[in-house]
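One is the number of the first residue; the rest follow in order along the sequence. Worth knowing before you read on, the calculation uses all heavy atoms, side chains too, and leaves out hydrogens, waters and symmetry mates.
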Amino acid sequence: MPSVSADAPKPTTPTTPSAPPAAPAPPAQAPAPLPTPADIPESATQPTPPTPPTITISPALDAPDRDRLLHGNHHSPHSVLGAHLVPGGVAFRVFRPFALGVTVVAGQLKAELHDDGDGFFSGLAPLQGVPEYRLAVAYEGTVQEVEDAYRFLPALGDLDLHLIGEGRHEELWQALGARTMTHQGVTGTRFTVWAPDAQGVRLAGSFNFWDGTGAPLRSLGGTGVWELFMPGVGEGELYKFEITRPDGSKTMRADPMARRTEIPPATSSIVHASHYEWNDEEWLAQRAELPAHEAPLSIYELHLASWRPGLTYRQLAEQLPAYVKDLGFTHVEMMPVAEHPYGGSWGYQVTGFYAPTARLGTPDDFKFLVDALHQAGIGVLMDWVPAHFPRDDWALAEFDGRPLYEHEDPLRAAHPDWGTLEFDFGRREVRNFLVANAVYWCEEFHIDGLRVDAVASMLYLDYSREPGQWTPNEHGGRENLDAVAFLQEMNATVYRRVPGVVTIAEESTAWDGVTRATDHVGPGGFGGLGFGLKWNMGWMHDSLDYMSHEPVHRKHHHGEMTFSMVYAYSENYVLPISHDEVVHGKRSLVSKMPGDWWQQRASLRAYLAFMWSHPGKQLLFMGQEFAQGAEWSETNGPDWWLLDPSYGAEADHRGVRDLVRDLNTVYRHTPALWQLDTNPSGFQWITGDASEDNVFAFLRYDTDGSPLLAVSNFSPVVRHDYRLGTPDDIPAWHETLNTDTARYGGSDITNQDPIKPEPQPWHGRPTSIRLTLPPLATVWLRPA
């Protein structure tokens, strides 16, 4: 049952009535009730000197204003409604559909207004100035004393409007949307919306029975912003904007800047004010100590709604931090959290860019989860989707009757792959909407980084388009110059405002300079995009292709595992085994591996250790840490039952999870694995051409020159006394991790004793060691 505020009329029509018919114009001199003698102060009845006669005008609205208000296309309702000084006194004009009568109450003064028909009331009081007043509105069976929304000055300042007009309002969420406040001494909510093509905007919600007829907003100059302060409306109220399009038709729209929404499939916006008190000061103070590319960064990617299906944000806060901390990941990456209408989109088709999804709780509940992760020492990354938005007719598409957030050119607006609309990155207000949104999540929700989805689709005008379906840029090229400028501005703004955050690009092409500084122009003539990190999609595709082959055939694909080092330092990379690789028939990670169950698990363990030792940061999707055999399902989530001790193969899955925990533990405590991730001096091949053996061996170094030796044997045979060249300044090596140990489910072929180099040159080095390489395994060795 919707709540009702003090100024809500008792409904006598359906909750979404059609616009009432235009009424005939009122009489030229409609009678205006005056105060009765009892209402006028005694001093006002004393004899006064005669004054020149004044010309009294009718306070009633004229026909054009009445018609525009009735039909929802009035740009300036405050100029005709409310109280205004006129010849003869103060004219009061009120628009209250369904009211039976309206009385102005100002101190001892009570003036009943004349009923002008169609919900309009007016009167003229012989006053020298506009008093503070309230309205006593009579409905059937009740009288409600309320504030008049049309007696207030604009609640949005000139500086806000100036910045909005220039597209430079970095805290846009503070200016647009619904904001509770005290304005001119009265509590209520300011509603603002950007709709430059609208003929009129009205406010409908649970506080006025979803009839916006009597709640028109005013247009604030040439910015396209409409505003209305609604006294008495507070937190928790539902609302939408009723927009009159240029063609006169009407559309009900959710607030693009809403900070809270109804639970889908309901689509209303909700008035929200945060009351959360953060407790993560220690985390925020230390997160900027090291840039992300020089720090340990291993990411556990998850879909919040299905990690433990049915849990709320606060319930997740009781389980997720402990689980991730136990496994040793430094960060979680949440698939999109912003509100989206269709759960099956996994959040990648966003309608509420400023609202965490209501499926799991309130915005403050989401803050509680982020806070809990921070207090557990875990960073929070979030997928962010500025590339496109769905076509839902209650959301952003043709928001005010014409293309607004999308490009006006249909060829530029329609996304060819997803049936969505692309943002118009060249429009300053749209760019501002998105840049401020990136800042919003980092500042308001303490998010530590944004992984930006589908960057490639933004950068290229011909992305997934055939010849004739796209228009070249002003230089005749295929680059989307507007999108380039937007990404540069977004990155520069976020890094300037929020120290310690990181932005990560999901970019699948060879675009030059994704992680280069925006002021550094590359060979292509573009400044860098300014991201901190980039997903290494090439490494992911190549390495998974190699692992999918039977070991006997892997020698023919050896280069797929080494090619990544050709370009490893062209960008700052993340190695992603994400949700995209374990859905839509691609099979789970362990199921990609050939052979029987033992070989599949062994190959998976060897691959994960190869990945953790390869230059770049690591990302692993939920369920893959314990070798789930089935693809991920957003409805069911991970197969946690595989870890039930009563399940016969539980030890097999627990072994893989134990390995992931140990990989993260050793990784965190071994600077050689992360300190020089983006510096070629941090990597040396021992052998990258042992294709007949399916062996890869390389060294990783930290800034002090301390090495880690990583050796992978991707064949199912034991290799005894396998000789590898080594640096001559290490007196002995010891095995620090072996994916074949029994506790991980392996055959337990290990190198127990310290391994001393021999003076026999090998692999171009003056000394060498002899190792026992377990089958389908990766071994890490450190100086003893």
**Student:** Please check if the side chain of Gln675 supplies one atom and the backbone of Leu673 the other of a donor-acceptor pair under 3.5 Å.
**Tutor:**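 Flag not set: sc Gln675 to bb Leu673 has no pair under 3.5 Å.
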**Student:** Walk me through it: do Glu634 and Ser306 pass the test side-chain hydrogen bond (donor to acceptor under 3.5 Å, both in side chains)?
**Tutor:** CA-CA 6 Å; Glu634 77 273 6; Ser306 67; over 6 Å; no
**Student:** May I have the step-by-step check of side-chain hydrogen bond (donor to acceptor under 3.5 Å, both in side chains) for Glu550 and His553, ending in yes or no?
**Tutor:** CA-CA 5 Å; Glu550 292 283 350; His553 299 303; over 6 Å; no
**Student:** Give a yes-or-no answer on whether the side chains of Asp545 and Ser543 include a donor-acceptor pair shorter than 3.5 Å.
**Tutor:**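 No, Ser543 and Asp545 have no side-chain donor paired with an acceptor closer than 3.5 Å.
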**Student:** Is there a donor-acceptor contact under 3.5 Å from the side chain of Ser613 to the main chain of Ala710?
**Tutor:**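 It does not hold such a pair.
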**Student:** Could you go through Glu735 and Val779, starting from their C-alpha distance and side-chain angles, then the distance that decides it, and tell me whether this counts as side-chain contact (heavy atoms from CB on, under 4.5 Å)?
**Tutor:** CA-CA 7 Å; Glu735 190 175 271; Val779 176; 3.5 Å; yes
**Student:** Please say which of Leu620, Val574, Asp383 ends up in a side chain to side chain contact (heavy atoms under 4.5 Å, CB included) with Glu333.
**Tutor:**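 Result: among Leu620, Val574, Asp383, Asp383 is the only option passing the side chain to side chain contact (heavy atoms under 4.5 Å, CB included) with Glu333.
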**Student:** Does Lys367 qualify as a cation-pi partner of Phe445, given the criterion of NZ or CZ under 6.0 Å from the six-membered ring centre and within 45 degrees of its axis?
**Tutor:**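 That pair qualifies as a cation-pi contact.
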**Student:** Could you tell me if the ring centre of Trp346 sits under 6.0 Å from that of His584?
**Tutor:**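 Ring centres of His584 and Trp346 closer than 6.0 Å.
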**Student:** Check the side chains of Asn713 and Tyr722 for a donor-acceptor pair under 3.5 angstrom, ignoring hydrogens and angles.
**Tutor:**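 Not at all, the side chains of Tyr722 and Asn713 share no donor-acceptor pair under 3.5 Å.
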**Student:** Ring centres of Trp307 and Tyr323 under 6.0 Å apart?
**Tutor:**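 Aromatic pair counts; centres sit under 6.0 Å.
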**Student:** Kindly assign one of parallel, tilted or perpendicular to the pair Trp640 and Phe626, based on the angle between their ring planes and the thresholds 30° and 60°.
**Tutor:**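 Plane angle between 30° and 60°, so tilted.
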**Student:** Does the separation of the ring centres of His614 and Phe683 fall below 6.0 angstrom?
**Tutor:**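 For His614 and Phe683, the ring centres are not under 6.0 Å apart.
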**Student:** Apply salt bridge (Lys or Arg N to Asp or Glu O under 4.0 Å) to residues Lys555 and Glu692 and explain how you reach the verdict.
**Tutor:** CA-CA 6 Å; Lys555 63 182 179 181; Glu692 292 295 328; 3.6 Å; yes
**Student:** Looking at Arg743 and Asp748, does any basic side-chain N land under 4.0 Å from a carboxylate oxygen?
**Tutor:**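 Between Asp748 and Arg743 there is no salt bridge, as every charged N stays at least 4.0 Å from the carboxylate O atoms.
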**Student:** Any Lys/Arg nitrogen of Arg765 or Asp728 sitting under 4.0 Å from an Asp/Glu carboxylate oxygen of the other?
**Tutor:**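 Answer for the salt bridge query: no.
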**Student:** Walk me through whether Ser646 and Asp644 qualify under side-chain hydrogen bond (donor to acceptor under 3.5 Å, both in side chains).
**Tutor:** CA-CA 5 Å; Ser646 64; Asp644 188 329; 2.9 Å; yes
**Student:** Answer yes or no: is there a donor N or O on one side and an acceptor on the other, between the side chain of Ser768 and the main chain of Gln760, under 3.5 Å?
**Tutor:**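 Such a contact is found between Ser768 side chain and Gln760 backbone.
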**Student:** Could you tell me if Thr750 and Asn738 have a donor-acceptor pair between their side chains, going purely by distance under 3.5 Å?
**Tutor:**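 Judged by distance alone, the side chains do not pair up.
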**Student:** In terms of relative ring orientation, are Trp283 and His331 parallel, tilted or perpendicular, with 30° and 60° separating the classes?
**Tutor:**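 Perpendicular.
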**Student:** Have Thr767 and Thr726 got a donor and an acceptor in their side chains that come within less than 3.5 Å?
**Tutor:**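 On atom types as modelled, these side chains qualify, holding a pair under 3.5 Å.
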**Student:** Any side-chain to backbone donor/acceptor pair from His653 onto Ala627? Under 3.5 Å, distance only.
**Tutor:**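 Confirmed, His653 side chain pairs with Ala627 backbone.
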**Student:** Would you confirm whether Arg661, through its side chain, and Asp326, through its main-chain N or O, come within 3.5 Å as a donor-acceptor pair?
**Tutor:**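 It does hold such a pair.
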**Student:** Hey, can you tell me if His579 and Trp632 have their rings parallel, tilted or perpendicular (30° and 60° cut-offs)?
**Tutor:**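 Rings of His579 and Trp632: perpendicular, over 60°.
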**Student:** Between the side chains of His374 and Asp448, is a donor N or O closer than 3.5 angstrom to an acceptor N or O?
**Tutor:**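 A donor-acceptor contact under 3.5 Å links the two side chains.
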**Student:** Does Leu708 form a side-chain contact (heavy atoms from CB on, under 4.5 Å) with Leu781? I'd like the steps, not just the answer.
**Tutor:** CA-CA 6 Å; Leu708 177 139; Leu781 300 103; over 6 Å; no
**Student:** So, Asp702 and Trp674: side-chain donor and acceptor under 3.5 Å apart, yes or no?
**Tutor:**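 Not at all, the side chains of Asp702 and Trp674 share no donor-acceptor pair under 3.5 Å.
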**Student:** Going by an N to O cut-off under 4.0 Å, is there a salt bridge joining Glu507 and Lys534?
**Tutor:**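 Result for this pair is yes, salt bridge flagged.
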**Student:** Could you grab the distance from atom OG of Ser564 to atom NE2 of His541, nearest 0.5 Å is fine?
**Tutor:**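 It is 13.5 Å, given to the nearest 0.5 Å.
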**Student:** Quick check for you: to the nearest 0.5 Å, what is the distance between Ser681 atom OG and Tyr569 atom OH?
**Tutor:**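 Going from OG on Ser681 over to OH on Tyr569, the span is 8.0 Å.
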**Student:** As a quick check of understanding, evaluate side-chain contact (heavy atoms from CB on, under 4.5 Å) for His446 and Leu284, giving each step before the final call.
**Tutor:** CA-CA 8 Å; His446 294 195; Leu284 296 182; 3.5 Å; yes
**Student:** Indicate yes or no: does Arg723 engage Glu758 in a salt bridge with an N to O separation below 4.0 Å.
**Tutor:**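 Looking at Arg723 and Glu758, the cut-off is met.
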**Student:** Is a salt bridge present between Arg587 and Glu631, judged by a nitrogen-to-oxygen distance below 4.0 Å?
**Tutor:**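 Answer for the salt bridge query: no.
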**Student:** Decide, yes or no, whether a salt bridge links Arg700 with Asp677 under the criterion of side-chain N to carboxylate O below 4.0 Å.
**Tutor:**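 Looking at Arg700 and Asp677, the cut-off is met.
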**Student:** Minimum heavy-atom separation for Ile378 and Pro321, please, with both atom names.
**Tutor:**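 Where Ile378 meets Pro321 most closely, the heavy atoms are CD1-O, 3.4 Å.
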**Student:** With a 6.0 Å cut-off on the ring centroids, do Trp535 and Tyr573 count as close?
**Tutor:**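 No, ring centres 6.0 Å or more apart.
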**Student:** I'd like to know if the side chain of Thr670 and the backbone of Tyr667 have a donor-acceptor N/O pair within less than 3.5 Å.
**Tutor:**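 Answer holds: no.
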**Student:** Give the ring-plane orientation class for Phe714 versus Tyr546, where under 30° counts as parallel, over 60° as perpendicular and anything between as tilted.
**Tutor:**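 Geometry flag for Tyr546 against Phe714: perpendicular rings.
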**Student:** Can you list the steps and then say if Asp693 with Ser715 is a side-chain contact (heavy atoms from CB on, under 4.5 Å)?
**Tutor:** CA-CA 7 Å; Asp693 300 333; Ser715 60; over 6 Å; no
**Student:** Under 6.0 Å from the six-membered ring centre of Tyr744 and within 45° of its axis: does the NZ or CZ of Arg605 meet both?
**Tutor:**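 No.
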**Student:** Ignoring hydrogens and angles, tell me if any N or O in the side chain of Lys617 forms a donor-acceptor pair with the backbone of Ile299 under 3.5 Å.
**Tutor:**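 Here the side-chain-to-backbone pair does not exist.
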**Student:** Between Arg654 and Asp652, does any side-chain N to carboxylate O distance fall below 4.0 Å?
**Tutor:**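 No, no charged N to carboxylate O under 4.0 Å.
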**Student:** Treating Thr778 as the side-chain partner and Ser712 as the backbone partner, does any N or O pair qualify as donor plus acceptor under 3.5 Å?
**Tutor:**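 Absent.
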**Student:** Could you check whether any side-chain N or O of Gln684 sits under 3.5 Å from a backbone N or O of Phe698, counting only pairs where one atom can act as donor and the other as acceptor?
**Tutor:**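 Such a contact is absent between Gln684 side chain and Phe698 backbone.
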**Student:** Any side-chain donor-acceptor pair under 3.5 Å between Asp596 and Gln600?
**Tutor:**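 No pair is found: no donor N or O on one side chain lies under 3.5 Å from an acceptor on the other.
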